[in-house]
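Just below is one structure, and these are the notes that go with it.
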Amino acid sequence: MSGGDVIVVGGGWAGLTAATRLVEAGATVTLLERSGNLGGRASSFRDADFGEWLDNGPHVFIGAYTAAMALLETWGAVDGLNFSDGDSIPFIYRGGREVRLKLTGGIGRIGAVAGLMSFRGMSVGDLLKTVRIVKNLLGMGDITPQHEPTVADFLSQYGVRQGDCGGFWDAVTVAVMNAPTGKAGLKPLLRAIKEGLLIGGRAARIGTPVEPFKQFYIDPASEYLTARTAAIRTGVQAKGLVVNGRDQIVGVETSGGRITSDKVILTVPPAGVLRLLPERHRQGEFFKRFENFEFSPITAVHISFDRPVLKRRFGFFPDSFTHWVFGRGEADGRGWSRVSTVTSHAPTRVEASNDDLVRWTLTDLKERLPAAEGAVVEHLRVVRTPTATVLLKPGSELIRPPASTPVKGLFLAGDWCGTGLPATIESAVRSAEEAVIRIFDK
Ligand SMILES: Cc1cc2nc3c(=O)[nH]c(=O)nc-3n(C[C@H](O)[C@H](O)[C@H](O)COP(=O)(O)OP(=O)(O)OC[C@H]3O[C@@H](n4cnc5c(N)ncnc54)[C@H](O)[C@@H]3O)c2cc1C
């Protein structure tokens, strides 16, 4: 069945997914992206200093990202992900001690527990407690959003506080939820743990893109779309939605004039949706609740050293300002001299200057990667994303919207929408596929 002409606003993962699934279904798509580049919060920029493409921040993909993987297959880009080394996470402690957390001890609950049992990053007593918590989590039924605890409240039932169990729970929560245990709601974390760990095996593996996003997925996606029935218009901003008296969408006002269509998928963040709506809809119960979303920042620091400093493709730094370190591109000789770090739920500009961030990051690298001590920094770039993801607190599921809206022909997608998942690429992709399904609903 043909979807006719559809306007997709936003060219991040959700927008590119929607456009792809729509052209496959026979629709003609106009994709509007206000920036000069596609990719949104997972985009690349050319850095003159480094002489290379850099991403706004390194991203990890989990084997359980089934929808994102299928999409990468469609674009012919799936081979751009490297899953070698992805069976375990190297936890790197001060002094360079490395302990591996096995993710693929086998299939299902037994595999998850077996993998965890081999972890040497905490005492045997803490390990047994952690295994018991994981087992209980995996056996838990659904949590109603009205009764959702924070992760910290849930852990306190087991006597686990911040920093306990070798910082394991703090690490897992900030990595998956981009929020500390005291703020993150348990519901999306539970869903992620179940999808990743309960299935086990390949679903629990971690993959990282070898090339910057532009080469990895943005160019392939854009070639796929423009070879079919999609027109991609970058540098064109949606300015407002045109809705008629019967609450039917009839078009979008843009920086380049009005485009008419009776089907629009918005993949912009919640505040962007509110800005685009006519006043009478913005004040309605369905949309007004979007004002309640809060956000959490992520900071990335890209560094080129004069020598290899990192032996692994990626590593996790427990109990540290810096959370992850990734090698950029392929290793040169004895490891990676080009690295990128990530700090989730990072301090805002008011809390810390770029100089502070750089100082803390370099201290972490020198403390945990012995080869970084004495290495000379050749290039350095800080990228701050203040609204990196929505902060999913207890009860947030009540304000995350479904794809269909009270405005006929208007659909929503984006990582912040009501997928039940943490705000990730997989959430963005699944929400967009849901929006496309709704377009074809009678
Ligand atoms: C540094 C960082 C690290 C992350 N790490 C991970 C990770 O490891 N794994 C993971 O799964 N996720 C990670 N995430 C989250 C992931 O990037 C997001 O979940 C995903 O990119 C969201 O895609 P989206 O399409 O929903 O939104 P966006 O990428 O925000 O796309 C929205 C698009 O709409 C455009 N737009 C907005 N307003 C308008 C308008 N009026 N007109 C036209 N266009 C408009 C924007 O420019 C943007 O391109 C990370 C995020 C950041 C910032």
Side-chain angles (χ1 to χ4, degrees), residues 6-24 29 31-45 53 55-78 80-81 176 178 188 192 195 206-209 211-226 230 232 234 238 265-270 272-273 295 298 300 342 383 385 387-390 392 400-401 403 411-437:
V6 184
I7 301 172
V8 174
V9 182
W13 273 91
L16 292 170
T17 304
T20 301
R21 297 310 181 207
L22 282 165
V23 297
E24 280 177 338
V29 176
L31 185 146
L32 308 176
E33 167 53 53
R34 71 172 170 197
S35 146
N37 296 312
L38 296 169
R41 279 169 284 151
S43 55
S44 307
F45 60 96
W53 285 91
D55 291 336
N56 64 317
H59 283 51
V60 296
F61 291 70
I62 317 295
Y65 283 15
T66 48
M69 293 301 165
L71 192 69
L72 288 169
E73 287 268 8
T74 305
W75 294 332
V78 77
L81 279 180
V176 177
N178 189 24
E195 288 205 7
I206 288 187
T208 51
E211 293 197 271
F213 286 137
K214 179 177 160 47
Q215 289 79 10
F216 161 47
Y217 82 93
I218 296 171
D219 286 349
S222 141
E223 278 158 28
Y224 179 91
L225 289 169
T226 46
I232 297 178
T234 52
I265 301 182
L266 285 186
T267 72
V268 306
V273 174
F295 292 84
I298 300 182
V342 170
V383 185
T385 311
T387 52
T389 63
V390 283
L392 295 175
R400 295 177 86 183
F411 302 88
L412 300 176
D415 62 346
W416 58 280
C417 291
T419 58
L421 292 169
T424 54
I425 284 173
E426 180 69 5
S427 177
V429 172
R430 289 199 203 173
S431 70
E433 292 187 338
E434 178 65 19
V436 171
I437 289 169

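Index from 1, following the sequence.
Taking the salt bridge (charged side-chain N to carboxylate O under 4.0 Å, His left out) definition, one finds that Asp55 meets it with nothing, sequence neighbours left out. With sequence neighbours excluded, the residues that form a salt bridge (charged side-chain N to carboxylate O under 4.0 Å, His left out) with Arg430 are Glu195, Glu426. Not counting sequence neighbours, Tyr65 has no partner by the ring pair (Phe, Tyr, Trp, His ring centres under 6.0 Å) test. Considering only residues two or more places apart in sequence or on other chains, Arg34 meets the salt bridge (charged side-chain N to carboxylate O under 4.0 Å, His left out) condition with none of them.
Rounding to the nearest 0.5 Å gives a distance of 6.0 Å between CG of Asn37 and CH2 of Trp53. To the nearest 0.5 Å, atom CG of residue Leu72 and atom CG of residue Leu81 are 5.5 Å apart. Interatomic distance, Ile298 CD1 to Asn56 CG, rounded to the nearest 0.5 Å: 9.0 Å. For the atom pair Leu31 CG and Thr226 OG1, the distance stands at 11.0 Å (nearest 0.5 Å). Expressed to the nearest 0.5 Å, how far NE2 of His59 lies from CD1 of Ile425 amounts to 4.5 Å.
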Would you please test Tyr224 and Val23 for side chain to side chain contact (heavy atoms under 4.5 Å, CB included) and show each step?
-> CA-CA 10 Å; Tyr224 179 91; Val23 297; 4.2 Å; yes
Given the rule in the side chain to side chain contact (heavy atoms under 4.5 Å, CB included) test, do Ile232 and Leu38 qualify, once you have shown the distances and angles that lead to the verdict?
-> CA-CA 9 Å; Ile232 297 178; Leu38 296 169; 4.0 Å; yes
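The shortest heavy-atom contact between Thr234 and Ser35 is CB-O, 3.5 Å. In this structure, Val8 and Ala19 approach most closely via the heavy-atom pair CG2-N, 4.4 Å. Between Pro220 and Gln215 the shortest heavy-atom distance is CD-O, 3.5 Å. Across all their heavy atoms, Ile218 and Ser43 have their closest contact at CD1-CA, 4.1 Å.
Residues Val436 and Ile265 are in side-chain contact: their nearest non-hydrogen atoms beyond the backbone lie under 4.5 Å apart.
For the 3.5 Å distance criterion, the side chains of Thr389 and Asn178 qualify, holding a donor opposite an acceptor.
Screening residues 13-22 for side-chain hydrogen bond (donor to acceptor under 3.5 Å, both in side chains) gives Trp13-Tyr217, Thr20-Trp75, Arg21-Glu24, Arg21-Thr74, Arg21-Glu433 as the qualifying pairs, with residues at least two apart or on separate chains.
A distance-only check finds no donor-acceptor pair linking the side chain of Thr267 to the backbone of Ala413 [under 3.5 Å].
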Please tabulate, one pair per line, all N/O donor-acceptor pairs under 3.5 Å involving side-chain atoms of residues 416-424, not counting sequence neighbours.
unit_1 : atom_1 : unit_2 : atom_2 : d
Trp416 : NE1    : Val268 : O      : 3.2
Thr419 : OG1    : Leu421 : N      : 3.2
Thr419 : OG1    : Ser427 : OG     : 2.7
Thr424 : OG1    : Pro422 : O      : 3.2
Thr424 : OG1    : Ser427 : N      : 3.3

